[in-house]
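So the structure is just underneath, and the comments pick up after that.
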Amino acid sequence: MTKTAAMVAILVTATGISGTPAHAGPEWKPCAELHDKWTEKVPEDKGEAECTYVAVPLDYSKPDGRKLNIAVSRLKAKGQRRGVMLMNPGGPGFYALPQPFSIRDSKIAVLEENYDLIGFDPRGVGFSAAQFCDHQSPPSPPPTSAEDRARKSFDSYADSNKACAAKDPEFLAQITTANTARDMDKIRKALGEQKISFYGVSYGTFLGAIYRGLFDSRVDRMWLDSVMPPALDMAQMDSDIAALGAADVEPFLKWLAARDFEYHMGKTVAEVRKILLDLRAELDAKPRGDIDGMTVGGLASPSPNRYAESARDLVTLLEGGTPPGSQPVRAQSFGVDGFQSNALAARAVFCNEAIGGRDFADAWAKRQERLAKYPFTGGYIDFSLWCADWPFPTRPVQLPKGTSALQLSGHLYEGVTPYLWAQRMQNTVGGALLTIEDNAHSGARRLSCSADKMVVFFRTGRTDNGTCEGLS
């Protein structure tokens with residue numbers, strides 16, 4: 001038997017195909033033996049981590065059709081074992097195979113006594129079956145207006161989406177959160193577990209919520225930190241983040257008005273607002289390289305510790321200069337602790353399941369509506385451009401109420417996944433919501449108060465609707 005054939009035989013045996021009893025489980029090997037560069041990428045592994053593959057259908061409506069291999073890792077429980085805990089670090093598009101080590105390097109490390117910690121790369125990412133695409137649109141002339149800039153960005157995304165989808169349309173059409181949740185259940189079955197626990201942050205909260213919606217009876221305990229909204233709507237997400245930034249504008253304008261002697265933008269809030277809105281309109285009509293009206297919006301909504309820096313940068317813009325390192329406000333990538341990422345998989349997840357963002361005229365019209373409501377921060381539009389001319393139909397997910405143990409944690413002041421998304425998720429699916437008074441995206445496991453509650457939850461199932469003082 002050739003080496004390739006032997007590996008195929010191992011994978012087939014490990015995943016129960018060809019009649020192998022499911023209870024036999026997958027064949028585990030040291031991760032460094034299965035994955036090139038594992039030791040380089042995960043130097044903290046001293047040979048403890050085991051890895052395997054689990055075969056899943058590409059298309060769950062065709063269970064006997066094309067298969068994908070999902071890469072799975074494990075750190076075995078060190079003490080009295082309760083079960084398994086799967087986890088996802090966010091993204092979408094983030095590698096997640098090394099995630100068990102993120103638990104060890106946190107304030108919830110004691111949970112490795114009770115749980116086999118299970119990491120896995122979602123379909124389309126990392127060591128699992130993936131498709132990478134480095135398509136680049138040809139350079140275009142400098143934009144002549146904010147609309148022209150957005151149109152060029154839309155066209156660039158559209159070119160990339162079409163070119164990348166053409167490589168393997170069958171594959172890309174099946175990169176969805178719902179399918180990744182189904183893959184998680186295949187992992188559960190391969191592990192021989194009746195139920196799983198799950199810890200997800202950022203985009204991983206959406207994955208966890210969908211798994212719970214599909215397989216509620218198979219959830220033991222689930223904690224979701226820095227929570228995504230219960231439905232992906234590109235324009236609504238743009239609007240939510242615009243609203244969050246807008247709340248920071250008025251305090252800053254008051255601060256500037258009180259310092260007219262230094263920055264010369266006006267002695268009243270009304271005067272300062274007019275000067276800055278005129279500047280925003282000027283840069284929307286005629287961008288300066290990478291600087292446009294959204295740059296003003298970003299500088300006009302700083303956190304208090306950046307007031308002086310933003311004020312100096314705004315003065316530079318008003319004088320016709322370019323602040324050092326100044327960039328327009330752009331969409332943030334969800335998730336933390338990214339091992340590596342696959343931007344194509346990230347777009348596929350959003351575009352196969354999200355509402356909106358496929359038509360430029362609609363995206364631009366919604367941007368104008370946001371600007372009318374949030375004059376400084378409403379120009380944000382990148383979410384609404386990712387899915388430009390996406391060639392596959394949208395399959396939105398409807399999340400039901402669940403009954404399994406669910407704890408949400410939301411960070412009151414964070415700007416990546418706004419706190420109101422956690423509130424919406426709780427209203428939709430149920431569970432308890434712990435409020436953390438900070439802006440630390442996905443920081444629950446690094447904070448003593450919330451980490452202590454997390455350990456209690458995973459050991460006893462006790463939820464908490466209280467509050468934790470956040471990271472300073």
Side-chain angles (χ1 to χ4, degrees), residues 54 56 60 70 72 82-92 94 96 99 103 108 111 115-120 122-123 176-191 193-232 334-335 349-350 352-354 395-410 417 421-434 442 444-445 450 453-454 456-465:
V54 173
V56 302
Y60 275 88
I70 303 300
V72 182
R82 174 181 174 78
V84 300
M85 182 193 299
L86 276 68
M87 56 199 73
N88 182 275
F94 279 7
Q99 277 306 294
I103 300 298
I108 62 170
L111 289 175
Y115 288 91
D116 290 351
L117 303 178
I118 307 296
F120 69 98
R123 57 171 55 203
T176 67
T177 311
N179 278 339
T180 298
R182 296 182 181 102
D183 296 344
M184 283 173 55
D185 203 56
K186 290 290 186 182
I187 294 171
R188 176 199 62 78
K189 186 175 180 180
L191 294 173
E193 300 290 330
Q194 294 298 311
K195 294 187 176 187
I196 62 169
S197 289
F198 181 80
Y199 171 52
V201 301
S202 197
Y203 164 75
T205 66
F206 191 61
L207 172 59
I210 289 181
Y211 182 86
R212 184 171 178 264
L214 291 172
F215 307 107
D216 194 25
S217 65
R218 299 171 191 172
V219 174
D220 184 16
R221 290 159 190 174
M222 180 176 290
W223 187 297
L224 307 178
D225 181 37
S226 284
V227 186
M228 288 285 287
L232 299 182
F334 291 127
V349 164
F350 273 104
N352 284 329
E353 293 174 321
R395 288 169 281 173
V397 177
Q398 297 286 333
L399 289 175
K401 288 278 187 184
T403 60
S404 57
L406 174 64
Q407 177 70 60
L408 311 176
S409 53
T417 53
W421 288 357
Q423 293 174 309
R424 287 181 195 160
M425 182 67 85
Q426 183 188 33
N427 290 337
T428 301
V429 305
L433 174 57
L434 176 69
S442 68
R445 72 175 182 271
S450 49
K453 294 177 185 296
M454 195 177 298
V456 169
F457 171 74
F458 279 113
R459 284 181 168 174
T460 71
R462 189 172 76 205
T463 57
D464 195 313
N465 280 301

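All residue numbers refer to positions in the sequence shown, counting from 1.
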*Plane angle bin for F457 and W223 - parallel if under 30°, tilted between 30 and 60°, otherwise perpendicular*: perpendicular
*Checking side-chain contact (heavy atoms from CB on, under 4.5 Å) for the pair F215/I196: CA distance, chi angles, key distance, verdict?*
CA-CA 10 Å; F215 307 107; I196 62 169; over 6 Å; no
*asked:* If you count every heavy atom of other residues, nucleotides or ligands that lies below 6.0 Å from R462 atom CZ, does the total exceed 12?
replied: no
_Rounded at 0.5 Å granularity, tell me how far CE in M454 sits from CD1 in I108._
5.0 Å
*Full working for side-chain contact (heavy atoms from CB on, under 4.5 Å) between R123 and I70*: CA-CA 6 Å; R123 57 171 55 203; I70 303 300; 3.9 Å; yes
*Going by heavy atoms in the side chains, are V219 and Y211 under 4.5 Å from each other?*
yes
*asked:* How long is the straight-line distance from CZ of R221 back to OH of Y115, given to the nearest 0.5 Å?
replied: 5.0 Å
_Between CD on residue Q426 and CG on residue L406, distance to nearest 0.5 Å_ = 8.5 Å
*Indicate the atoms forming the closest heavy-atom contact of T180 with P122, along with that distance.*
CG2-CB, 3.9 Å
*asked:* We want to know whether Y60 and N179 form a side-chain donor-acceptor pair, criterion being a heavy-atom distance below 3.5 angstrom.
replied: no
*Main-chain N/O of A444 paired with S450 side-chain donor or acceptor, under 3.5 Å*: yes
*Between M184 and N88, is a side-chain contact (heavy atoms from CB on, under 4.5 Å) present by the stated rule, with each step listed?*
CA-CA 11 Å; M184 283 173 55; N88 182 275; over 6 Å; no
*What pair of heavy atoms forms the shortest contact from S409 to V227, and how long is it?*
O-CG2, 3.8 Å
_To the nearest 0.5 Å, what is the distance between OG1 on T417 and CG on L224?_
11.5 Å
_Pairing donors with acceptors under 3.5 angstrom, does anything connect the side chains of R424 and N427?_
no
*Minimum heavy-atom distance between A422 and L408, given as atom pair plus value*: O-CD1, 3.9 Å
*Between T205 and G200, which heavy-atom pair has the shortest distance, and what is it?*
CG2-O, 3.5 Å
*What pairs with P229 under side-chain contact (heavy atoms from CB on, under 4.5 Å), at least two apart in sequence or on another chain?*
M237, W421
*asked:* Tell me every residue that passes salt bridge (Lys or Arg N to Asp or Glu O under 4.0 Å) with R212, counting only those two or more places apart in sequence or in another chain.
replied: D216
*Which pair of non-hydrogen atoms, one from A432 and one from N465, has the smallest distance, and what is that distance?*
CA-OD1, 3.3 Å
*Closest heavy-atom contact between L399 and P230?*
CD1-O, 3.4 Å
*Please name all residues satisfying salt bridge (Lys or Arg N to Asp or Glu O under 4.0 Å) with E193, sequence neighbours left out, ordered by chain then number.*
R81
*Would you indicate whether the side-chain heavy atoms of L111 and R459 approach each other to under 4.5 Å?*
yes
*Hey, is the main chain of A178 close enough, under 3.5 Å, to the side chain of E353 for a donor-acceptor pair?*
yes
*Evaluation steps, side-chain contact (heavy atoms from CB on, under 4.5 Å), between F350 and L232*: CA-CA 7 Å; F350 273 104; L232 299 182; 3.9 Å; yes
_As an exercise, state the distance from OG1 of T463 to CD of Q407, rounded to the nearest 0.5 Å._
5.5 Å
_S197 (side chain) donor-acceptor with D220 (main chain) under 3.5 angstrom_ = no
*Taking 4.0 angstrom as the limit, do R445 and D225 come out as a salt bridge?*
no
_Between D185 and R182, does any NZ, NE, NH1 or NH2 come within less than 4.0 Å of an OD or OE carboxylate oxygen?_
no
*What distance do Y199 atom OH and S442 atom OG have between them, rounded to the nearest 0.5 Å?*
6.5 Å
